[in-house]
Protein chains: 4
Amino acid sequence: MRADARRNRARIVATAIGLFTERGAGVGMDEIARASGLGVGTLYRHFPDKRALLVGIACDSLRELLACAQDAEARPIPAWAMLDLLVRRCVELPLALTKSLDGEHDPELEELQRRADEAIQQIVQRAQQEGSLRLDIPAREVVGLLNVAVCRPGARAEDHLVTVILDGLRAAPGQARGGSPVSAAVAPSEM
Amino acid sequence: MRADARRNRARIVATAIGLFTERGAGVGMDEIARASGLGVGTLYRHFPDKRALLVGIACDSLRELLACAQDAEARPIPAWAMLDLLVRRCVELPLALTKSLDGEHDPELEELQRRADEAIQQIVQRAQQEGSLRLDIPAREVVGLLNVAVCRPGARAEDHLVTVILDGLRAAPGQARGGSPVSAAVAPSEM
Amino acid sequence: MRADARRNRARIVATAIGLFTERGAGVGMDEIARASGLGVGTLYRHFPDKRALLVGIACDSLRELLACAQDAEARPIPAWAMLDLLVRRCVELPLALTKSLDGEHDPELEELQRRADEAIQQIVQRAQQEGSLRLDIPAREVVGLLNVAVCRPGARAEDHLVTVILDGLRAAPGQARGGSPVSAAVAPSEM
Amino acid sequence: MRADARRNRARIVATAIGLFTERGAGVGMDEIARASGLGVGTLYRHFPDKRALLVGIACDSLRELLACAQDAEARPIPAWAMLDLLVRRCVELPLALTKSLDGEHDPELEELQRRADEAIQQIVQRAQQEGSLRLDIPAREVVGLLNVAVCRPGARAEDHLVTVILDGLRAAPGQARGGSPVSAAVAPSEM
DNA sequence: GATGAATGAGGGTTCATTCAT
DNA sequence: GATGAATGAACCCTCATTCAT
């Protein structure tokens, strides 16, 4: 790939992320091309269709996420801290776009999603093993639930939502979690 | 309004909620009409345009939410239990559609949104006053954050996400919340 | 036909003439019905389709025109005066609507148009015979030309256009008409 | 603008003028595109909406009219001859479409209409000053009246209507115009 | 290889007309 | 008979995609 081609691709991706993040996946290809300072034809040379552009961005994000996960795991810190670190970083990635790809069947995308899920799940399990993450929710579901927190348009690392979810996932020191929150809520002992 | 007209309206709304919930606000009016067993014209007689249909559904949901809030407040239970109850019920409403209405300026919709926010905020504040809801997040933001949990396609009352968020919002008994979770996470004392 | 049916028909026609005259033949059937204080169904009972409504109005107008022509002919006045009188009256009729019926093949309409044309043509021919109307334009065409003056949205009897056309049709006393106006216009003798 | 784009634009305009002139402004965009041998998209690339197409054609016509007016004024002929020339030429332009634009507020269109009116009015005034055009009708109204003659579907330069109107506007040599034609018509002296 | 003009399926909406109440 | 709700063909327009320049 020639240098200018690589530069064009990068400009397209950067512009598209900006526009998609700001105004949703409905932004038109023409506008993305124009905002990139390119013709539509060039856009289509790099991404055969709109789906491919979204998939491309999603894959980039997932690769970044995997790098973050590896980086976190490499640190000499508890698994909980790894998770915290990872979540706060992921929030800044344009993962929200992934939502518009529900039902896609791109092999690269699926492979990356699998690996990303696996990486997070591993950290989640280690956190559960070290006793810092509640045990009453299966690791598999914790991952899905973190997805929601993270794949949200407008999410920010300092979001109170992120904080609350992490706090909610934390194992309460010295007390078992897991009773039905509804019944718990109305139990007299809670008052 | 004639009996059959009312029936048709109900069918349209039900069908539209189903399709919108399942496949997003992009579903076409023609398809909604067909799935309702009606002609497009009938759809447009009941809702002058697509926006009106979305707004109509959103308003219905918000009215339902307000009813839930009133019902919850009427019970002789702690504010926390009210909130728990309310959230678990709201999750079942098609509030996710509200997201596609972000730049709408329908007066009825805005009024209902205002009242809904107010109602929830009141319960949140009472929960904070009774000491069951953490104090380090302003009530205003708690409401916004609950919105995210609740206005989510595919949310269910038994969702672990709902549970986790509610747990994360719970005031930890006997310990002050509010330290930066990030630094807290890596603090040695956490290990 | 029952009394109320006749009354309804009259109301429809009056309303339709008003709306069509004011805003053109594009006005919808629903609006005509509503403005008449009736349901669409009733409108369609009286006129099987929109075309029929327009044809009905046109026929009414043509009948009125024929009456005017007979009335004018019955007076003991020169043919020119008859024509003047007739034209000034016709201008007030909603004949402009006739334009939207080009290409219609309603037998009653065509018959009335034929008779109306004939009636006017007769007066025109008599005016030509009495020497008050220029001879260089065939009577047939004079009629068509008057149609243009008269079948105009917004035409009024005092219109300067009507005056100018009548003046232009007048036989110039003592001078032959008929040279090409263009060549005449640039002829030196005109200066 | 690329050569083929310019060619396509010209084809669209030509086709549209033909269809609009023949069947009115109700002709659909799809049909215009098909008759031009182009896709709808191309039509909309050149004219953002139907209104713009009509406005575009109207502006072209008005520009042509202004050119005619300038050309006429540049000739060493009496004002009356200028007017005659101008009117006969305008009749061939698709100015009839202008009627369907009543109520438009395109700045370019309005400016051109103003300038066209002004240009014609100037010639009319000069014709009145030179004594060839009757004085009993304000120049302003003469212009409006000529509009009617000229903005007529199916008008042709050799039209008898044009001739008659021009003759009707001509100042009668040696006699004052302006008596009410109606009273004149029935006056005994006219017989 | 880059460009942007051309394409046309598909979506939102209107309105003449039909038909159940 | 009156009503107005229901119908759907047809219209205007958008936008992902292709292709001539």
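Keep in mind that this is a model prediction, so the values were computed, not measured. Atom set for the values below is all heavy atoms of this structure, side chains included, hydrogens, waters and symmetry mates excluded. Numbers restart at 1 for each chain; the letters A, B, ... are given by sequence-line order, proteins then strands.
- A salt bridge between A:E31 and A:R23 is present, with a side-chain N of the basic residue lying under 4.0 Å from a carboxylate O of the acidic one.
- DNA chain E forms stems at E:2-21 with F:2-21, each a run of 3 or more consecutive Watson-Crick or G-U wobble pairs whose two key distances fall under 3.5 Å.
- Near DNA chain F, meaning a heavy atom under 4.0 Å away, the residues from residues 50-58 of chain D are D:K50.
- Here the CE-OG distance, from B:M29 to B:S36, works out to 10.0 Å after rounding to the nearest 0.5 Å.
- Each of D:R2 and B:P48 has a nearest nucleotide on DNA chain E; the 5'-most of these lies closest to D:R2.
- Along DNA chain F, the stretch of nucleotides lying under 4.0 Å from any heavy atom of chain A spans, 5' to 3', F:dA16 to F:dT18.
- Ion pair C:R114/C:D117 not flagged as a salt bridge, since none of the NZ, NE, NH1 or NH2 atoms sits closer than 4.0 Å to an Asp/Glu carboxylate oxygen.
- The existence of a salt bridge linking B:D4 and B:R7 is excluded, since no basic side-chain nitrogen approaches an acidic carboxylate oxygen closer than 4.0 Å.
- One can place OH of D:Y44 at 16 Å from P of E:dG8, the figure rounded to the nearest angstrom.
- One finds a salt bridge joining C:R63 and C:E108 here, because a Lys/Arg side-chain nitrogen approaches an Asp/Glu carboxylate oxygen to under 4.0 Å.
- Checked by atom type and distance alone, the side chain of D:T42 never pairs as donor or acceptor with a backbone atom of D:L38 at under 3.5 Å.
- Rounded to a whole Å, the CZ atom of C:F47 is 16 Å from the C1' atom of E:dA16.
- Nucleotides of DNA chain E nearest to A:L43 and D:T42 differ in position, and the one nearer the 5' end is that of A:L43.
- Between C:G37 and D:A25, the residue anchored closer to the 5' end of DNA chain F is C:G37, taking for each the nucleotide with the nearest heavy atom.
- D:K99 contributes a side-chain N or O that, together with a main-chain N or O of D:C151, makes up a donor-acceptor pair within less than 3.5 Å.
- Judged by distance alone, the side chain of D:K50 and the main-chain N or O of D:A25 form a donor-acceptor pair under 3.5 Å.
- Within the nucleic acid shown, D:G28 comes within 4.0 Å of sugar-phosphate atoms alone, with no base atom in reach, counting heavy atoms only.
- The two residues C:D49 and C:Y44 have their closest heavy-atom pair at CA-CE2, 3.9 Å.
- The minimum heavy-atom distance linking D:T15 with D:I32 is given by the pair CG2-O, 4.0 Å.
- In terms of position along DNA chain F, the nucleotide closest to C:V40 lies nearer the 5' end than the nucleotide closest to the other residue of the pair C:V40 and A:M29.
- When the P atom of E:dA16 is taken as reference, atom CG of C:D30 falls 8 Å away, rounded to whole Å.
- The two residues D:F47 and D:I12 have their closest heavy-atom pair at CE1-CG2, 3.9 Å.
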